[in-house]
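Remarks on the structure that follows.
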Amino acid sequence: MDFKQIEKKWQKRWEDTKLYSFDKSKVDKKMYVLEMFSYPSGAKLHAGHWFNYGPSDTYARFKRMKGYEVFQPMGFDAFGLPAENYAIKTGIHPEDSTLKNIATMEKQLKAIGATFDWDYEVKTCMPDYYKWTQWLFLQLYKKGLAYRKEAPVNWCPSCNTVLANEQVKEGECERCGSVVVRKNLTQWFFKITDYAEELLTDLDKLDWPEKTKLMQKNWIGKSVGAEIDFETTTGEKFTVFTTRADTLFGVSYVVLAPEHPLVEKLTLPDRMEAVENYKIESSKATEIDRLSSAREKTGVEIGAYAINPINGRKVPILIADYVLASYGTGAVMGVPSHDDRDFVFATKYGLPIERVIKGKDGQNDALPFTDYGVMVNSEEFDGMTTEEGKIAVVKKLEKENKGRLKTNYRLRDWLVSRQRYWGAPIPIVHCEHCGAVAVPESDLPVKLPYDVDFTPNGQSPLLKSEEFMHTTCPKCGGPALRDADTLDTFVCSSWYFLRYPDNKNSEKAFDTEWINKMLPVDKYIGGAEHACMHLLYARFMTKALRDMGYLNFDEPFTSLIHQGTILGPDGNKMSKSKGNVVSPDDKIQKYGSDVFRVYLMFCFSYIEGGPWNDSGLESVQRFFDRIERMAKKAYEVHFYDGSFTADEKELNYVRNYTIKAVNNDIDNFSFNTAIARLMEFVNALYAYDSKVEKKNKLFLDCIVDLIKLFAPMAPHFTEELNEMLGGKYSIFNLSYPVCDEKALVRDEIEYAVQINSKMRGRVVISSSASNEEIEKIALNEVKDSLGDATVKKIIIIPKRLINIIA
RNA sequence: GCGACUGUGGCGGAAUUGGCAGACGCGCUGGAUUUAGGUUCCAGUGGGAAACCGUGGGGGUUCGAGUCCCUUCAGUCGCACCA
């Protein structure tokens, strides 16, 4: 079969007949299948793109044949650093290179033969899209969910921009791997922490990989505890956060983070120099040493003392950089007897270690004892368990207004400003008199100027554009400056799935009524690397928009699947530097897109991925040939219509078994086993063909079913065979084969017979046989191996095995 | 350090609830077709002469464990002093 000609033929026909365009009138049967859109980085699709889009297109086609109105759009996450870095290197403007890349990728995506409905395409770098990204920013701003503050931020010295917490991996820039440094800057944040609790609890509602949910859960990092107020001997107040209020009697010191605002005020003059030195040391250390996990704990006393509110004891105050300014209150109580870190610290600095918790009966409670236990040396609380004491201690303090129950989250607000050019400008104007002023919605979009010098100098490139920067204040009309930063590209991608179904709307970001019908996304497919970034941001944005009345659902992606990674033949991640990149183009040239995508589905587990291996392509090609030969046979042979012989019953069994299994497998993204089942079916057809001279019409029916079953995986090939056999156009308008359960009921069943759990034989037993009959047949079968042993018990597992215990 | 996942023939990988381990494919062996090679078709293919032994190692529960429990090793990923 000439695949090149066939691909062209059917792609044209599909396009001419608008086969894949979404029928809005059937929205009640909608199935929103979405693959994470791509970044238009290189000119060509790589193996990873194919692995993402090919199999998920199979899923979409399958659902279509199951009667769903499938909505499967495609677009481009077009803003971002790579285009800008490429521009810095080559001088080609990001807009030019991006648009060119998009054009090439569109063409290639069409060549996959996927069912994307291109009428709904979005490109995030176009003004008709980022206008609404800016609108979104303004809504959050109005709602108090976007705010500006000066804070220590993560700065990537190589990308010349700040990064969100989520974009820092092991102290390094997620994108370029440079060591991230800390800087104090005034930046825009989204208040994702307002949604911490809901983002956490709603995870239970989602059909997502457990691992991903767990990662989000850990990232949000809820911890339930209490805030306890300490007073210093000079009357200053500060608050600590603890999850173990039951250990309060064991406090032998308190620690403030070096950056804590009270440090300067509390430090005694004779300690000032030591404290200042320590602060300098620790600020250096956080930049360089963040990676060493078992870093030695250090600290200095500041000379001041605090009063333990529960027992009035005076304890020294220290600063130490193992206490983080950014978590909790930036201050902790030191209980060395019941906390590993405090124990190490107290031992080093000779601070007292006093037990206030003992283990439950017989438990080894050597210090430091960090398990839950029973309170001791704690006055009236003695004898209480940790669970009781945690509450009781706080309740007592609460009466004196010295403490309260409190829940903390590890999640921080989302930093969205970027000091880069190629992104959506932040729609804010800074006026000398009025401060930060929102750009009126009617003035959107704030257009990104084309002619800008974007050579990096650590500042926002837009600052250099006089024309862009200078504007008038929307409030007072006086001269004002625009915000020179652009939005993190994750802002663009946090709502694109809402734009797809209404991508041409020029009045609104989307029509609420329509979007409430089209969403949530039923099946979302993409890489696992977005677990704590895109997937978290999109959930936040959905919830925020819901609370503003623009949406009526809580979660954007009901069901999520991560595809695995295709590695190089050497088992390493494909990369140019390793020289192990396999180009799909040569393979597609040689085998065609159908064979290529079936290869990807057959030779890899979709969830796992794995190393590339060429030999699989040949075997998949062979499988196609085998089907084609069978189909030609079906076209030529004369069939009779009549009752089934044993051979035909068997063939019909395999047919229906295959139908059932393939339906199930595709639903579960288990494409490799679905194809294995189809191969078995083909093998059964060959067996029937070589065995039976005069062929029943069943043979033809089977081949027709086979082609339909295979259609979602090999769309061009099966469309051609369907036409050859006189089937109606398009095969994708036919319904997917449904299993006839009756055909799966067999007259006879083969049982394994075991004696004392060891295999001793097999018997074929009528499916209507009673247990007594089964036992009798089994005993007869193995009577020689059984000898004269006494049978104690017989275990029958229906349709599987008989185990004789003797 | 903490957490999650993975570990099955020469190879890629299968195994509803615990129930015949190794589906399907690659590779290999033999046969048929062919002048020959290739293609195609048919048969075989975990180890062992056999009893038996086999799912990273050790232990346990069970009539029965790749699957459940404990322990240990190796690899992958995520978090990284979160009080």
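Chain identifiers are assigned alphabetically (A, B, ...) following the order of the sequence lines, protein sequences preceding nucleic acid strands; residue numbering begins at 1 within each chain. Remember, it's a predicted structure, so these values are computed and weren't measured experimentally.
For A:E529, there are no salt bridge (charged side-chain N to carboxylate O under 4.0 Å, His left out) partners two or more places apart in sequence or in a different chain. Under the rule for a side chain to side chain donor-acceptor pair (under 3.5 Å), the partners of A:D689 that lie at least two apart in sequence or sit in another chain are A:K633, A:K695. For the side chain to side chain donor-acceptor pair (under 3.5 Å) test, no residue two or more places apart in sequence or in another chain qualifies with A:T329. Residues forming a ring-ring contact (aromatic ring centres under 6.0 Å, His included) with A:W50 (at least two apart in sequence, or on another chain): A:F596. Evaluation of the ring-ring contact (aromatic ring centres under 6.0 Å, His included) rule for A:Y195 yields A:F540 as partners, not counting sequence neighbours. In this structure, the side chain to side chain donor-acceptor pair (under 3.5 Å) partners of A:R746, at least two apart in sequence or on a different chain, are A:E650. Residues forming a side chain to side chain donor-acceptor pair (under 3.5 Å) with A:T407 (at least two apart in sequence, or on another chain): none.
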*Along nucleotides 6-14 of chain B, 5' to 3', which nucleotides get a B, which get an S, and which get a -, given that the test is a protein heavy-atom distance under 4.0 Å?*
------SSS
*Summarise how protein sits on nucleotides 74-79 of chain B as a single string, 5' to 3': B when a protein heavy atom is under 4.0 Å from the base, S for sugar-phosphate-only contact, - for no contact.*
---BSS
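A distance of about 13 Å separates the C1' atoms of B:G12 and B:G22, rounded to the whole Å. Between B:C68 and B:A51, the distance separating the two P atoms is 31 Å to the nearest Å. For the C1' atoms, the distance linking B:G38 with B:A74 amounts to 44 Å, nearest Å. For B:G60 and B:C11, the C1' atoms lie 34 Å apart once the distance is rounded to whole Å. Separating the C1' atom of B:G75 from that of B:G37 is a span of 44 Å, rounded to the nearest Å. With both ends at atom P, the span from B:C2 to B:U72 equals 11 Å, rounded to whole Å. Taking atom P in both B:G1 and B:A50, one finds a spacing of 48 Å when rounded to whole Å.
The side chain of A:M679 approaches B:C24 more closely than any other nucleotide in the set B:C24, B:C42, B:C81. The side chain of A:K758 lies closest to B:C53, out of B:A4, B:G19, B:C53. Checked against B:C24, B:A83, B:C81, the side chain of A:A676 finds its nearest nucleotide in B:C24. You'll find that the side chain of A:R622 is closest to B:C26, out of B:C41, B:C26, B:A83. Ranking B:G19, B:A83, B:C42 by closeness to the A:D339 side chain, first place goes to B:A83.
Following rounding to the nearest Å, A:F623 (CZ) and B:C41 (C1') show an atom-to-atom distance of 17 Å.
Between A:F51 and A:Y606, the ring planes are tilted. Angles from 30° to 60° get that label. Ring geometry, A:F671 versus A:F669: the interplanar angle exceeds 60°, so the pair is classed perpendicular (tilted spans 30 to 60°).
When heavy atoms are screened at a 4.0 angstrom cut-off, A:Y409 is found touching no nucleic acid atom at all. Counting non-hydrogen atoms under 4.0 angstrom, A:L214 reaches the backbone sugars and phosphates but no base. A:R760 comes within 4.0 angstrom of sugar-phosphate atoms only, judged by non-hydrogen atoms across all strands, and of no base. No contact: A:E618 has no heavy atom under 4.0 Å from any strand. As judged by a 4.0 angstrom heavy-atom cut-off over every strand, A:N683 is placed among residues touching the sugar-phosphate backbone only. Looking at heavy-atom distances under 4.0 Å, A:K222 makes no contact with the nucleic acid at all. Across all strands, A:V323 comes closer than 4.0 Å to base atoms (heavy-atom distances).
Put simply, the residue from A:R404, A:K237, A:K406 that forms a salt bridge (Lys or Arg N to Asp or Glu O under 4.0 Å) with A:D229 is A:R404.
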Dump the pairs, protein N or O against N or O of nucleotides 59-63 of chain B, anything under 3.5 Å, distances to one decimal.
residue, atom, partner, partner atom, Å
B:C63, O2', A:S757, OG, 2.7
B:C63, O2, A:N803, ND2, 2.6

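Contacts classified as side chain to side chain donor-acceptor pair (under 3.5 Å) and involving residues 795-806 of chain A (residues at least two apart or in different chains) are given here: A:S757-A:N803.
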Counting only pairs under 3.5 Å, give me each side-chain donor-acceptor contact of residues 246-255 of chain A, with atom names and distances, residues two or more places apart or in other chains.
residue, atom, partner, partner atom, Å
A:D246, OD1, A:R244, NE, 3.0
A:D246, OD2, A:R244, NE, 3.4
A:D246, OD2, A:R244, NH2, 3.1
A:D246, OD2, A:T386, OG1, 3.1
A:T247, OG1, A:R244, O, 2.8
A:S252, OG, A:P352, O, 2.7
A:Y253, OH, A:Y322, OH, 3.3
A:Y253, OH, A:D342, O, 3.4

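A salt bridge links A:R677 with A:E680; the closest basic N to acidic carboxylate O contact falls under 4.0 Å.
For the pair A:I675 and A:R800, nearest-nucleotide mapping onto RNA chain B gives the more 5' position to A:R800.
Within the 4.0 Å cut-off from OP1 or OP2 of B:A83, not a single side-chain nitrogen or oxygen of A:Y322 is found.
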